[in-house]
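Quantities reported herein were computed from a predicted structural model and do not represent experimental measurements. Letters go in sequence order (proteins before strands), and every chain restarts at 1.
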Amino acid sequence: MWLVPAAESWPCTPIPVSIDWSEVYRTTYQELVRFLHRKVWDADRAQDLAQEAFVRALDQEPMNPRAWLFRVATNLARDEARMVVRRKKHLTLLRTEAEVAEAAVPEASRDLEQGERMEAVRRALDTLTERDRDVLLLWDAGLNYAEIAAQTGLAAGAIGTTLARARHRLVEAHTALEGKHAARG
Amino acid sequence: MLHVDEGQLHAYLDGELASFGAAEARDVEAHLATCPVCRIRLEEARWIRDRANAILRHSGPAELPAPPFESIASRSPGGPARDARRWRLRSGATAAWAASIILALGLGWFSREMTRSGEQMAAVSESAHPATSGETAVTQDAHLRQVAPLPAQSEVQARRAPADATRMRSAVGKATAALPRSRIAAAAPAPAAKDAVAGEMGVQADTVAIASGRVTTEAGVPIANAQVHLGSGTGTITAPDGTYSLTIPASRLPESAELTITAQVIGMNPEAHRLTLKPGETAVQDFQLEPAALALDALVVTSQGTRSAGGKEPRKAASAAAAPGPPVSAESRWVPVDRAEAERRLGGPILTVADLPIMDIAVGTADGEPTVRTRQRTGDGKTLELFQRVASPTAGDKRQVRSVETAESAEPTQDRTIGNNGGITTIVLESSGYTITARAPLPPDSLRVLLSELR
């Protein structure tokens, strides 16, 4: 589950940059964790991945730290998701008891209500296309349209439309889920 | 232009209209200023956006404290363990290229760096002695970048996270185990550099930039409740004397330090200025807004149309232009919100009649203007509706009644919750910078008395 993503390709232009990384860390860390949490749905894992992204950023010193961090985080989360699927398929029997125990205690048990709320959001987000979801989560994490465009490869003029669609779907899906929940309970 | 599309509405709400280009941004703003249909759509889009934000907000993990920066820095061999803020060359993909640039700059700089972090570099590897030359070290560095994305399987397994939350984080030992082997060697930071990082963080911990100034009309009359914002969603609202102060966290400042700051208020043309602002700096930017070529005629027509459908007394054109009529509109869609949200949107407190229970608070559009509707129950089970919106900037602060009107029958109103005995009285008044339209099935005198309790 700790696959390292493919190397980021960055322009080779030599530009001297002065970046205060402690400041970037201070202002971006929580946003990054938040962003990752919506991707991996595990607070600890989100923290680990965020830290991993920073370790790499410090190593590579990209020019645009925030955009770079979110890009690497997106890749890390994607690899993580693939790895989880693969592990489920092949390694179920190899799991140690401890790991099984870990997996069996979902975050929800820590705070039931918070867990349910999160589950509803998670399922609502799952109804979005990957692209819509990415754009929505990147905006929510504090990136501006230009940064989101650079990150997703969409045209800057398309971000508003994508966000509009994503927000509509999220609200619709979430409302529907809440309705179901209310009907059940 | 045709109506504004969904994407443009959301970009407008997000303060990101510029993403469409300057010309289109102007068109959208001009259209929104004059098109009541799009204003209503804008309110709907705003509701969707706020709802989506709220859903996402409630799904965050409990905020855990960030591990100290040093623990992260110490995990990175090339990172600012050496020096948190410094000039450094970003090297590209090929080792040869990087090496040649470094050589061109001269070896002196690099060897000085190495001396400073000798302890760190000494560990680099068995294959390259760091003390030999800068070129060797750089080649090694670039080489590491290429091998980094290909961890050995054993490392993947070594990195599988154990269960408890206290694991790793600041433990350098575990952290180094988590890195591909070729990078481990350089992971221990020089202690002196660590101190430098800590010092840097202390100084910079609360860095913000501040933009302030005053928003007035061309004649110098202060404009209250004008929005002043950056493209990035950071914004504020002017005080009654037209002043504003916008504190911008360093994270919202672009690297180029160039910002566009915009002031806007309904009825005036938005004005944008470019500012150069770095963390820790302050800048003063005043605005003088010009009145928008707002289609006041269109407003009058709309309000007359609604009115002539019901009111027995024909309305005088002059008073229609001066005092907006009761915001009854077939397209009005009211979205219930809580008080805090309504006040945020209004940019100020909601005025209500003291001691009357509040039934609901909703936001919507009336006569094309963003409006808050508060419904209160009067003593005898009737409903008092208060429509509040920001008054035009020329309106004084003094409370004054602009018009009183009584319709004989409640028939034309869209809202059936209003009682039907004795007709509906509508009073439009100005108070504390707001235009308030009060409507209730009460005699004018009674409504007047009620409104004297408005606060």
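The residue among B:A45, B:G21, B:S19, B:A11 with the most heavy atom pairs within less than 4.5 Å of chain A is B:S19. Ranked by heavy-atom pairs under 4.5 Å with chain B, the first of A:T175, A:T161, A:V171, A:D140 is A:V171.
Looking at A:L143, neither its backbone nor its side chain comes within 4.5 Å of chain B, counting heavy atoms on both sides. Heavy-atom distances place the side chain of A:R66, and not its backbone, under 4.5 Å from chain B.
Ring geometry, B:H10 versus A:H168: the interplanar angle falls from 30° to 60°, so the pair is classed tilted. Taking the six-membered ring for Trp and thresholds of 30 and 60 degrees, A:Y25 and B:F69 have ring planes inclined between 30 and 60 degrees apart.
The backbone N or O of A:T28 lies less than 3.5 Å from no partner atom in the side chain of A:E31, so there is not a single donor-acceptor pair. With hydrogens and angles disregarded, a donor-acceptor distance shorter than 3.5 Å links the side chain of B:Q8 to the backbone of B:D5.
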